[in-house]
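Scroll down for the structure; my scribbles are underneath it.
Every chain is numbered from 1, with letters handed out A, B, ... down the list of sequences. Only a predicted model underlies this, so the values are computations on that prediction, with no experimental measurement involved.
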Amino acid sequence: MQEAKLLHSRIIVSGLHQHDIYLRQIITALTTNPNPFSLLHARHLFDKIPQPSTYIYNTMFRAYASSPHPHQALALYHHMHLHGPLPDNYTFPFLLKACSSLGDLRTGEIVHGQAFKHGFGHDIFVQNSLINLYGSSCGVKMARRVFDEMGFRDVATWTSLVTCYANGRSIESARHVFDRMPKRSVVSYSAMITGYVRRNWFKDGVLLFRDMLVAKMEPNDSTIMSVLCACANLGDLNLGKWVHSYISERKKNQFDGRISTALIDMYFKCGSIKKALKVFEGAKEKHVGEWTAMLSGLAMHGLGTELIEAFEEMISSGVKPNGVTFVALFSGCTHSGLVNEGMRYFDRMTIDFGIEPTVVHFGCVVDLLGRAGFIEQAVSFIRDMPVEANAAIWGAILTSCRVYKNVEVGELAARWLISAEPWNGALYMVLLGLYRDAGRWDDVEKVKEEMKKVGCRKSPGCSSIEVNGICREFVVGDKSHPLTFEACLTLANVIAEFEDRRFFPNLI
DNA sequence: GTAGGGTTAG
């Protein structure tokens with residue numbers, strides 16, 4: 001970018017504005033790691049070239065394909081088609097990528113036809129791009145057909161197919177393809193690990209990460225992000241720390257912003273507040289991502305007051321919050337019982353920061369009111385919302401009704417949820433608990449019968465944490481541990497202590 | 001002559 005500006009000023013000074021070679025250099029500089037401004041600038045210069053070469057068209061296609069406006073690539077191709085030079089083998093993969101980003105299968109097929117017409121139908125880059133296009137817009141079947149018909153496949157071909165399966169429903173099929181790859185690259189491992197983590201198969205993701213290290217593959221940023229996400233969800237602090245020191249050595253503590261964010265999140269979720277704070281403090285630049293990870297970490301540990309302080313510090317340091325930041329802020333207020341503060345921030349979100357609330361934010365407010373026991377207010381808030389309430393919102397209402405034993409509203413929420421998800425056994429269990437607490441035994445029996453009729457079961461809740469290097473897993477109702485009795489006794493004492501202090505958590 | 005496809009938060 002700096003280089004581009006320098007070149008541009010040199011041209012203006014020396015009056016060489018029409019000089020094709022300089023323009024080409026500037027456009028190339030502006031389109032590598034483009035931002036919206038540099039891309040606009042590049043296009044402005046591109047339009048000044050009387051007869052752009054195929055190369056320079058390709059440069060623009062490449063930049064547009066991975067920009068927020070991929071359709072610009074297609075519009076520009078239309079122009080090239082009418083007035084410009086002939087496309088080459090580089091042209092079509094960029095255009096197909098633009099179609100994938102847009103999920104535009106029809107245009108993708110037209111581009112494919114064009115590639116064929118110009119003699120690049122069997123180009124491996126074109127075919128690989130086609131697999132990605134089909135995989136992202138119409139499922140695995142078509143992608144598989146392209147794959148099967150290819151005479152020659154390389155590692156990217158196989159990786160693309162793995163990604164198709166991983167993004168589709170079948171992570172097992174993705175692994176099946178992965179295991180049959182003649183050769184694997186870092187990206188292949190990364191794609192498979194990311195696939196596992198996206199499907200919440202965290203343990204499999206971690207196992208494959210270990211295989212990857214054994215295979216002497218050096219994980220890249222994408223791999224690291226996925227593994228940190230797995231550590232966070234497994235509570236595997238040991239592996240998380242290992243990954244932290246691994247990347248510290250390699251990158252000399254100069255992390256990508258996204259990696260610092262993932263580290264902060266991992267340490268918070270693994271219960272290590274100190275380490276999370278240390279990473280945050282050590283981050284070279286604190287973008288909205290790092291701040292948001294920080295705020296949601298404080299929220300999940302019930303540190304509402306600290307969270308509000310941190311939020312105000314973020315604002316005074318000139319970082320602009322986004323929609324996700326407010327979700328963290330509201331959730332912190334909710335879990336620390338800071339109802340007035342939360343409501344005030346809800347107003348400020350639109351007035352002071354110009355962020356329009358989405359259904360997620362409305363859900364946060366419902367949760368904020370509900371958990372504090374203001375169930376009637378929460379219900380009237382739902383009534384006044386400009387958007388339709390969703391399952392998350394009725395779920396929040398149901399949870400608070402369970403805690404505050406409000407059968408009337410709880411029944412309403414549960415019925416709404418059950419009609420949306422009749423297979424979800426957990427919903428019936430909550431409704432059953434509500435009736436039981438109210439002593440409505442007839443209704444308890446009715447719910448039990450209903451469950452039998454629908455044939456649903458609640459899958460047991462599960463959690464895990466790493467202690468002294470060993471990952472422990474907990475499943476609801478599991479009494480297999482030899483010290484189960486002692487553990488229950490301790491828990492009973494804790495609950496008794498809570499009750500003595502007039503604090504009634506919902507531990508049922 | 002120059003370049004390309006597969007992984008990428010909160």
Determine whether the side chains of A/Tyr165 and A/Arg175 contain a donor N or O and an acceptor N or O closer than 3.5 Å.
-> no

Whole-Å gap separating [atom2] ([N]) and [atom1] ([X]):
X	N	atom1	atom2	value
A/Asn132	B/dG6	CG	P	6 Å
A/Lys320	B/dG10	NZ	C1'	16 Å
A/Tyr57	B/dT2	OH	P	22 Å
A/Phe178	B/dT7	CZ	P	15 Å
A/Leu161	B/dG6	CG	P	15 Å
A/Glu285	B/dA9	CD	P	19 Å
A/Ile259	B/dG10	CD1	P	13 Å
A/Tyr55	B/dG1	OH	P	13 Å

Side chain of A/Ala156: nearest nucleotide among B/dA9, B/dG10, B/dG6?
-> B/dG6

Between B/dA9, B/dT7, B/dA3, spot the one nearest the side chain of A/Val187, thanks.
-> B/dT7

Taking A/Arg153 for the side chain and A/Phe147 for the main chain, is one N or O donor matched with an acceptor at less than 3.5 Å?
-> yes

Within the 4.0 Å heavy-atom criterion, would you say [X] contacts the bases, only the backbone, or no part of the nucleic acid?
X	value
A/Ser188	base
A/Gly257	base
A/Asp123	base
A/Thr261	base

Dump the intermediate steps for side chain to side chain donor-acceptor pair (under 3.5 Å) on A/Ser226 and A/Thr194, then the final yes or no.
-> CA-CA 5 Å; A/Ser226 295; A/Thr194 306; 3.0 Å; yes

Answer yes or no: is there an ion pair linking A/Lys275 with A/Glu281, defined by an N-O contact shorter than 4.0 Å?
-> no

So does A/Glu312 have more than 12 non-hydrogen atoms from other groups sitting under 6.0 Å from CD?
-> yes

Those residues of residues 78-99 of chain A lying under 4.0 Å from DNA chain B by at least one heavy atom = A/Asp88, A/Asn89, A/Tyr90, A/Pro93, A/Phe94, A/Lys97

side-chain hydrogen bond (donor to acceptor under 3.5 Å, both in side chains): pairs with one or both residues in residues 314-324 of chain A, sequence neighbours excluded | A/Asn322-A/Thr325

A/Phe326/A/Phe346 under ring-ring contact (aromatic ring centres under 6.0 Å, His included): CA gap, chis, key distance, verdict | CA-CA 8 Å; A/Phe326 277 96; A/Phe346 181 70; 9.1 Å; no

